[in-house]
2 protein chains.
Amino acid sequence: MSAPRLDDVRQPSPVGLHRVLEPTGVLPQAAWRLDADPQVHADEVRVRVERLNLDAASFRQLWDRHGGDGGAVRAEVAGIIATRGKMHNPVTGSGGMLVGTVEEVGPASRLGLAPADRIATLVSLTLTPLVVTDGLARWDGRSEQVPCDGHAILFGRSIAAHLPRDLPTELALAVMDVCGAPALTHRVVAKYVAQGRPPTVAVIGGAGKSGSLALAAARRAGAARTIAVVPLPTERDLLVPTGLADVVALADARDPVSLSEAVASAGGPADVTVVCVDVPGCEHGAILATADLGTVVFFSMATSFATAALGAEGLAADVTLMIGNGYAAGHADFALDVLRTSPGARTIFETRLASHVGAVHPPR
Amino acid sequence: MSAPRLDDVRQPSPVGLHRVLEPTGVLPQAAWRLDADPQVHADEVRVRVERLNLDAASFRQLWDRHGGDGGAVRAEVAGIIATRGKMHNPVTGSGGMLVGTVEEVGPASRLGLAPADRIATLVSLTLTPLVVTDGLARWDGRSEQVPCDGHAILFGRSIAAHLPRDLPTELALAVMDVCGAPALTHRVVAKYVAQGRPPTVAVIGGAGKSGSLALAAARRAGAARTIAVVPLPTERDLLVPTGLADVVALADARDPVSLSEAVASAGGPADVTVVCVDVPGCEHGAILATADLGTVVFFSMATSFATAALGAEGLAADVTLMIGNGYAAGHADFALDVLRTSPGARTIFETRLASHVGAVHPPR
């Protein structure tokens with residue numbers, strides 16, 4: 001590869017096209033290699049990196065591949081970043097996010113950041129130019145949390161959130177990780193309310209992180225009734241005392257008949273069904289649990305597009321099917337605010353974070 | 001398997017659970033084997049089958065597997081139907097639709113059908129109980145069109161459309177096959193119009209069957225501007241004279257930069273982008289071509305849920321992402337009406353149907 005294109009490009013692209021080295025013409029996420037040069041273009045921001053949070057699927061793959069050898073995991077992550085100019089696991093296709101401090105802000109940046117701001121990036125590491133300068137020396141390769149030194153580049157059109165001073169960093173990051181769900185749930189529910197018909201909302205996987213925030217957001221938006229569905233009595237016992245849902249029902253979301261009957265018994269069918277469980281096969285149940293002209297929002301990455309589309313057709317279900325977009329304007333601040341004002345959601349998050357403290361990934 | 005469950009079930013399920021023989025408890029589409037007993041339950045309808053239209057992917061797989069031996073293809077299709085009680089290709093997972101005449105209507109059916117009505121079923125053959133009685137003797141195994149004799153069962157909650165008398169059957173079936181697209185496009189566009197902001201609508205794949213109807217439906221709903229994107233000059237030359245779109249742009253939908261620039265040059269970005277091309281990799285381009293707070297409707301079965309969700313997040317695109325539901329109340333009649341009132345759409349359909357006349361599937 002000869003001279004990078006940086007010198008050739010007068011107008012940086014807001015989505016970072018000018019940082020793509022190979023293959024040319026694709027978006028940064030699709031690129032094999034990015035230019036992570038520290039010099040910022042007019043609309044870019046450079047961040048001094050403090051820590052990477054690897055995507056769980058990516059870390060698991062690396063861990064398994066190296067049989068739990070932390071040193072080998074560390075070497076491979078360092079190698080990926082050096083080779084690709086980004087932390088983009090070539091096997092899982094996933095990345096993660098990072099925490100750092102703003103170092104330089106281009107004059108045309110509109111991200112609302114200033115030097116010394118402590119931030120988390122909410123766009124994937126798979127599209128974020130990154131250089132690591134300490135060889136990951138402070139990381140033992142045994143957890144997703146990667147302390148490191150280096151820099152990253154944010155494009156004109158990117159997403160970064162200020163880390164709040166009033167919440168522990170771990171808690172704030174966990175909230176930001178799922179902040180698309182409460183924002184979109186609130187928006188969808190509010191539309192029904194604005195039309196004078198406050199909806200019944202069912203959240204499948206209501207005891208999880210995205211699920212608990214979705215429940216709180218639905219209530220804040222004016223839902224007439226909130227129903228949480230969870231698969232296990234332990235999750236029910238965690239959720240019921242929080243008061244996040246009007247009713248908590250037990251059902252396996254992969255069993256359409258069981259799921260729809262559980263929602264019906266809890267006061268359904270739902271006008272809005274929000275799927276927050278990351279297991280495959282929940283599409284038919286979610287559709288069947290939803291009323292005619294209702295809406296299903298799928299936040300699970302295990303959702304199959306074709307199963308959802310053909311399932312609705314096969315069930316003659318006239319429902320709106322939405323792909324849960326992880327981004328909405330102001331989503332991080334909104335999610336943090338939901339957490340601050342919902343003791344129930346905060347309990348769920350703190351319980352889940354505590355259960356991971358000290359967890360060491362077993363080789364398997 | 002012992003006595004079927006029919007005798008045990010007093011209340012037939014509107015989605016056909018009582019017809020599932022194995023495994024029990026799943027929906028008919030997920031079942032391995034259905035009970036195709038001709039006796040109808042209270043809310044069921046029995047149809048005398050005249051012809052099956054196999055799904056193109058299914059037929060292609062069978063054709064390839066048997067190296068173009070029509071007799072072997074016929075034997076396998078007959079075998080699948082006899083074994084499973086439905087035409088559900090176990091390799092492709094797809095089915096098709098059927099044409100026939102209503103024979104008996106249960107007293108509690110609400111499908112609006114009467115004996116002697118000539119209809120097409122719009123739910124997949126993968127969930128339709130079916131018996132073939134003539135051994136497919138009139139079919140040469142060389143096309144998706146399978147003339148046959150037998151019966152099929154429609155459930156309480158199903159979809160069937162009357163075949164119109166004023167249109168050739170082939171044309172009507174081709175329209176019904178994609179009738180979800182114009183119905184949902186119309187609904188989405190009409191919402192923008194009702195809010196006082198008639199949208200710019202881009203249809204990716206505007207020269208196809210679903211695309212041409214989506215264009216006509218968007219204009220009927222009050223779109224301010226319609227943009228069609230097609231990949232080939234031949235498609236542009238087909239589409240331009242029909243007047244279906246205000247602008248026809250050329251671009252490869254798999255190239256996000258090229259697609260978004262084409263839409264922008266044609267008067268975009270689009271408030272509503274409708275994806276009607278069945279090739280993988282169009283998600284990022286469609287998102288990038290869409291304005292902030294706009295809507296992308298994916299009708300392509302080649303859409304990847306994760307690519308769309310993560311793509312929007314990576315591009316910091318605050319857009320609504322919709323899975324194109326193949327069903328909406330009244331969708332078949334609406335699509336036929338769009339065709340009747342849009343000479344341009346009719347031209348597209350007739351041209352495409354004519355190009356398939358006499359086409360013999362080459363073995364490959």
4.5 Å side-chain heavy-atom contact, B:Arg19 and B:Pro12: no
Can you run down the side-chain hydrogen bond (donor to acceptor under 3.5 Å, both in side chains) pairs that involve residues 279-298 of chain B, sequence neighbours left out, and say none if there aren't any? B:Tyr192-B:Thr295, B:Thr273-B:Thr290
Contact winner vs chain B - A:Pro14, A:Ala302, A:Gly314, heavy-atom pairs under 4.5 Å: A:Gly314
Honestly, the part of A:Val297 sitting under 4.5 Å from a heavy atom of chain B is neither
Checking B:Val319 against chain A: side chain, backbone, both or neither under 4.5 Å from a heavy atom? both
If one checks every heavy atom of A:Phe298 against chain B at 4.5 Å, the contacting part turns out to be both
Contact part of A:Leu315 toward chain B, heavy-atom cut-off under 4.5 Å: side chain, backbone, both or neither? both
Measuring heavy-atom distances to chain B, does A:Leu310 have an atom under 4.5 Å in its side chain, in its backbone, in both, or in neither? both
Nearest-0.5 Å distance that lies between atom NE2 in B:His331 and atom CE in B:Met176: 9.5 Å
In terms of heavy-atom proximity below 4.5 Å to chain B, should A:Ser300 be classed as side chain, backbone, both, or neither? backbone
Given a strict heavy-atom distance threshold of 4.5 Å, which part of B:Ala183 is in contact with chain A: side chain, backbone, both, or neither? neither
Would one find more than 12 heavy atoms of other residues, nucleotides or ligands at under 6.0 Å from atom CZ of A:Arg197? yes
Hey, mind stepping through A:Asn89 and A:Gln61 against side chain to side chain donor-acceptor pair (under 3.5 Å) and telling me if it holds? CA-CA 9 Å; A:Asn89 183 323; A:Gln61 184 270 331; 2.9 Å; yes
More than 12 foreign heavy atoms under 6.0 Å from CZ of B:Arg254: is that the case here? no
Under 4.5 Å from any heavy atom of chain B, what part of A:Thr303 do you find: side chain, backbone, both or neither? both
Have A:His18 and A:Glu44 got a donor and an acceptor in their side chains that come within less than 3.5 Å? yes
Under a 4.5 Å heavy-atom cutoff, which of B:Ala329, B:Ala306, B:Ala308 has the most pairs with chain A? B:Ala329
Looking at A:Val26, A:Thr128, A:Asp318, A:Ile159, which one has more heavy-atom pairs under 4.5 Å with chain B than the rest? A:Asp318
Does A:Pro28 offer a backbone N or O that forms a donor-acceptor pair with the side chain of A:Lys86 under 3.5 Å? yes
Quick one: which of A:Ala309, A:Gly324, A:Gly311 has the most heavy-atom pairs under 4.5 Å with chain B, could you say? A:Ala309
